[in-house]
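Below: the structure, in structure tokens.
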Amino acid sequence: MFQAVTKTLSVASTTYVCRGILLGIRHYCKKTPTKLRVSQALSGADLGANVKVQGWVRSVRPQKANVFLHVNDGSSLQPLQVVAGAELNDPLLTFGSAVEVTGSLKKSPHKKQPVELEADQITVIGECNPVDFPFKIKERHGLEYIRQFPHLRCRTNAFSSLLRIRSEATTAVHSYFRENDFVQIHTPIITSNDCEGAGELFQVEPSGPEIVEDEYFFSVPAFLTVSGQLHLEVISGAFSRVYTFGPTFRAENSQSRRHLAEFYMVEAEISFTESIEDLTKVMEDMFKSATEHVLAHCVEDVDLFHKHVTPGHRVSMLKCFILSTLRITYTEAVDILNRSSEKFTFPTDWGCDLKTEHEKYLVKHCGNAPVFVTDYPYDLKPFYARDNQDHPERTAAAVDLLVPGVGELCGGSLREERLDLLSARLEEYLDLRRFGSVPHGGFGLGFERYLQCILGVDNIKDVIPFPRFSHSCLL
Ligand SMILES: NC(=O)C[C@H](N)C(=O)O
């Protein structure tokens with residue numbers, strides 16, 4: 001069609017048409033700049049290109065002839081510097097406003113900021129009144145302050161770093177399991193069992209007028225899961241390595257800095273595991289591998305935390321990561337506590353539960369590094385933990401990982417696979433042991449506590465996007 005038309009034109013007019021087309025293409029190219037994320041723009045791969053960047057203004061510095069902006073879109077800690085002629089300045093260009101900038105990417109003379117965007121158009125997409133905005137340009141706001149604004153704290157450097165690290169740590173956990181031949185199982189959120197038997201359950205029932213009184217929706221009482229362990233144990237009867245990583249719920253009426261009503265738990269179950277050391281080794285490897293991954297992939301974000309948000313944390317975090325983790329038995333732990341000159345509030349006799357003050361002391365005693373405590377008194381552990389059948393003290397093949405600043409991060413046990421021993425303890429668990437039962441073990445790791453641990457964050461509410469705890473369900 002195009003050829004047929006041009007054939008009828010004179011040479012001059014053909015040239016004219018071609019030039020027109022070329023100009024049209026150029027015009028079209030200019031009109032459709034490549035859309036880039038801030039991280040892509042900063043990588044320097046598109047120097048000289050006509051690009052469009054969308055994000056939120058992190059700073060505005062008007063000068064005589066120019067206005068300088070920092071724009072970020074959550075893809076990197078570093079914002080993109082935008083340089084525009086003073087004529088593009090606009091009173092609506094304020095800290096927190098959402099903008100779209102088009103222009104060309106240039107090499108910048110500043111070492112810290114190697115790429116900048118020379119703007120030829122800036123559009124304010126969403127206004128932000130800086131007087132009402134809770135964060136101010138040059139102020140460093142503490143985690144406690146920004147926690148009051150759950151809908152806006154992702155705009156701060158600290159929390160946006162946290163979210164990127166959290167995402168990368170999630171990938172790291174999945175990578176570890178994938179590389180080690182585990183199969184991921186989606187265990188249910190709604191369940192009729194209370195795995196731990198600890199009674200910290202949220203009951204699930206529909207709301208609304210259709211509810212028939214005295215009738216359960218599922219015909220039996222149903223709850224939000226407190227642990228995926230029992231479902232993993234079912235699957236581990238056919239798959240020797242399984243894991244799950246999802247939301248977990250505990251109705252603990254606690255406002256502590258280590259508890260949430262909704263948190264993420266990493267749980268694994270490994271068949272043909274015969275010693276607590278084999279299980280401990282998997283916990284240790286996962287912990288190290290995930291931390292190594294986070295350190296390698298989130299250099300700037302982790303640095304921000306260790307330098308500004310939780311200064312001084314780096315050393316102990318690196319220790320957690322580099323050293324192989326100490327192992328002590330519960331009996332040794334109690335000996336350490338009893339030999340110390342520390343005055344504890346709670347008793348430290350053999351058989352007593354280890355309280356936060358004890359865990360803190362043990363971690364300090366072990367050089368402010370993580371420590372695995374194994375072989376707890378049988379009566380302290382849930383019904384499924386394997387009886388070590390030792391004397392005179394009876395212990396269970398269970399292990400907890402204690403870490404600086406957080407206390408218990410991870411807990412696991414060999415599961416009692418011997419039907420006769422278990423039958424004395426719990427009727428319902430028995431069918432899992434009737435058909436091809438094998439020695440196995442598993443563990444659960446509180447993902448938020450892990451983040452607290454590697455970043456040195458004191459309060460668990462600061463490492464989850466939307467914290468839920470008693471009397472608080474904001475947003
Ligand atoms: N999967 C596990 O071993 C975790 C353990 N059931 C807990 O909830 O702490």
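In listed order, ligands and their atoms are each counted from 1. The analysis underlying the following values was restricted to heavy atoms, covering all of them including side chains, and did not include hydrogens, waters or symmetry mates.
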Looking only at distances, please establish whether an N/O atom of ligand 1 is found under 3.5 Å from an N/O atom of Arg415.
yes
Can you list the atoms of ligand 1 that are under 4.0 Å from a heavy atom of Met265?
8 (O)
Salt-bridge criterion met for Asp181 and Arg241 (N-O under 4.0 Å):
no
Which part of Tyr243 is near ligand 1, with near meaning a heavy atom under 4.0 Å away: side chain, backbone, both or neither?
neither
Could you tell me if His440 and Glu417 have a donor-acceptor pair between their side chains, going purely by distance under 3.5 Å?
no
Ligand 1 atoms nearer than 4.0 angstrom to some heavy atom of Gly411 are 3 (O)
Should the pair Arg153-Asp462 be classified as a salt bridge under the 4.0 Å nitrogen-to-oxygen rule?
yes
For Gly444, the atoms of ligand 1 under 4.0 Å from one of its heavy atoms are 1 (N), 2 (C), 3 (O), 4 (C)
Provide the number and element of each atom of ligand 1 under 4.0 Å from a heavy atom of Glu267.
1 (N), 2 (C), 4 (C)
Heavy-atom count check: over 12 atoms from other residues, nucleotides or ligands less than 6.0 Å from Gln184 CD?
yes
Looking only at protein heavy atoms, which one is nearest to atom 8 (O) of ligand 1, and how far off is it?
Arg250 NH2, 2.8 Å
Pro377: what forms a side chain to side chain contact (heavy atoms under 4.5 Å, CB included) with it, not counting sequence neighbours?
Tyr330, Trp350, Leu380
Starting from atom 9 (O) of ligand 1, what is the nearest protein heavy atom, named by residue and atom, and what distance separates them?
Glu196 OE1, 3.9 Å
Is there a donor in the side chain of Thr395 and an acceptor in the side chain of Asp390, or the other way round, less than 3.5 Å apart?
yes
